Student: 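Sending over a structure as structure tokens; questions will come in a sec.
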Amino acid sequence: MTTTHRFDTLAVHAGYEPDPATGAVMPPIHLATTFAQQGPGVHRGFEYARTDNPTRRLLERCLADLEGARFGLCFSSGCAALATVLHTLGPGDHVVCGDDVYGGTHRLLRRVMEPLGVGADFVDLTEPRRLREAMTPRTKMVWIESPTNPLLKVLDIAALAEIAHAAGARLGVDNTFATPALQRPLELGADLVLHSTTKYLNGHSDVVGGFVATNDEALAERLRFLQNAIGAVPSPFDCFLVLRGVRTLPVRMRRHCESATQLALWLAAHPAVERVHYPGLPSHPGHALACRQMRAPGGMISFVVRGGLPAARALLESTRLFTCAESLGGVESLIESPPLMTHGSIPAAERERVGIVDGLVRVSVGLEDVDDLRDDLAHALEVTSRGAR
Ligand SMILES: *Cc1c(COP(=O)(O)O)cnc(C)c1O
């Protein structure tokens, strides 16, 4: 198995060859916490399972190969991965972060890192020149998502990498929404790529996990040190489940994208819907960039229902197939209200400023029959607009 294979082949084979001892085509789950040493410090590469274990090592190699990275590290959650990355910074350092990011990213920067002396500014980076204006001599890291969450804005990764590098800062990209099946940030110039493997990579809504990849050896070494020192590592069982999930990633992503495109077009023409955010729509301001930077526009849609919070609430209470729940990227379709749920930890004034309006609803389009999904939304929107009349 080499990394020169095409993506769909890598997804099935990366990180693992049939076990030479048994021929098993899927790896064993190594639950051992410690590994025998022939003498102090003399061992076969594993000492203690927080530091490294065989199941995690396979997943780290697999995910790094999918991102086209030299180094990969797994964590117990996406937030743990980000917290560990942010610990490469110290007092006096500064982060420029996209203004439309995962709520937990905002919370980590504002409420965990800021008290430790790491400053952060949240900036709309859809215009790359805004980054140049936001950089300070202390800026060490630029952190973005693309497409963004929940507004599905598309950011120019290559242009932002160039500006960050010119000022001596690193660019980190949270690639959770796109996955490496659709977008590979390191190839576009990013220094770090992060995932909540909880979402599309595992894909079955039964693991919480995180991942970071980089080509920078010194950075990888520092992250490896922090991964062990902080210890926010995933269990071998969870690593196995993510590895299993990744095998079908390309197939799942194709279906997510096809169904989301159909639903976005349909929603955009619906009278109860004020606005649809989906990079696959030709009317989306980031559509051309998405076509250049991504293989397909992804499985996430957000839209604004007429009637504000009461309408959004009624919609979430009326769907039958779309489950009202946080999270995304699983086989089942989910629907949520960012202001009430995922982005509730962001102060209302800041939400309003970035465009997370009360009527905003976010859906994760699952793998069900798209006609059933459309019928479900049609019925729920009918109930919602009846309530508003
Ligand atoms: C869910 C999510 C995270 C956080 O990951 P956890 O696994 O829940 O800790 C980070 N970024 C994005 C874009 C996410 O969707």
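Below, each value reflects all heavy atoms present in this structure, side chains not excepted, and no hydrogens, waters or symmetry copies. One-based numbering, in listed order, for ligands and for the atoms of each. Owing to the predicted nature of the structure, the values given are computational and were not obtained by experimental measurement.
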Student: If I apply the N/O under 3.5 Å rule, does Phe177 come out as touching ligand 1?
Tutor: no
Student: Only one of His343, Glu336, His277, Glu326 forms a side chain to side chain donor-acceptor pair (under 3.5 Å) with Arg362, so which one is it?
Tutor: Glu336
Student: Going by the order shown, which atoms of ligand 1 are within less than 4.0 Å of some heavy atom of Ser196?
Tutor: 1 (C), 2 (C), 3 (C), 4 (C), 5 (O), 6 (P), 7 (O)
Student: To check your reading of the model: name the closest protein heavy atom to atom 8 (O) of ligand 1, its residue, and the distance in Å.
Tutor: Tyr102 OH, 3.7 Å
Student: Nearest non-hydrogen atom to atom 7 (O) of ligand 1 belongs to which of Thr198, Leu108, Asn202, Thr176?
Tutor: Thr198
Student: For Tyr200 together with His256, are the ring centres under 6.0 Å from each other?
Tutor: yes
Student: Under 6.0 Å from the six-membered ring centre of Tyr102 and within 45° of its axis: does the NZ or CZ of Lys199 meet both?
Tutor: yes
Student: Has the side chain of Asp121 got a donor or acceptor atom that lies under 3.5 Å from a matching backbone atom of Val96?
Tutor: no
Student: Which atoms of ligand 1 are found less than 4.0 Å from any heavy atom of Gly209?
Tutor: 7 (O)
Student: So Asp8 and Arg254, salt bridge (charged side-chain N to carboxylate O under 4.0 Å, His left out) or not? Walk me through it.
Tutor: CA-CA 11 Å; Asp8 290 25; Arg254 266 198 290 281; 3.1 Å; yes
Student: Arg252 side chain to Gly245 main-chain N or O, any donor-acceptor pair under 3.5 Å?
Tutor: yes
Student: Under 3.5 Å between some N or O of ligand 1 and some N or O of Asp174?
Tutor: yes
Student: If you measure every N or O of Leu328 against every N or O of ligand 1, does any of those distances drop under 3.5 Å?
Tutor: no
Student: What's the shortest distance from atom 14 (C) of ligand 1 to any protein heavy atom, and which residue and atom give it?
Tutor: Lys199 NZ, 3.0 Å
Student: Show me which atoms of ligand 1 lie under 4.0 Å from any heavy atom of Glu145.
Tutor: 13 (C)
Student: In ligand 1, which numbered atoms sit nearer than 4.0 Å to a non-hydrogen atom of Ser77?
Tutor: 7 (O), 9 (O)
Student: If you apply the rule side-chain hydrogen bond (donor to acceptor under 3.5 Å, both in side chains), what do you find for Gln183 with Ser146, and how did you get there?
Tutor: CA-CA 9 Å; Gln183 170 174 283; Ser146 184; 4.6 Å; no
Student: Does the Thr248 side chain pair with the main chain of Val251, one donor and one acceptor, at a distance under 3.5 Å?
Tutor: no
Student: For Arg247, is the CZ atom crowded, meaning more than 12 foreign heavy atoms sit under 6.0 Å from it?
Tutor: yes
Student: Under 3.5 Å, N or O to N or O, is Thr105 touching ligand 1 that way?
Tutor: no
Student: Which protein heavy atom lies closest to atom 6 (P) of ligand 1, and at what distance to 0.1 Å?
Tutor: Gly78 N, 3.3 Å
Student: What protein heavy atom sits nearest atom 9 (O) of ligand 1, and how far away is it?
Tutor: Cys79 N, 2.8 Å
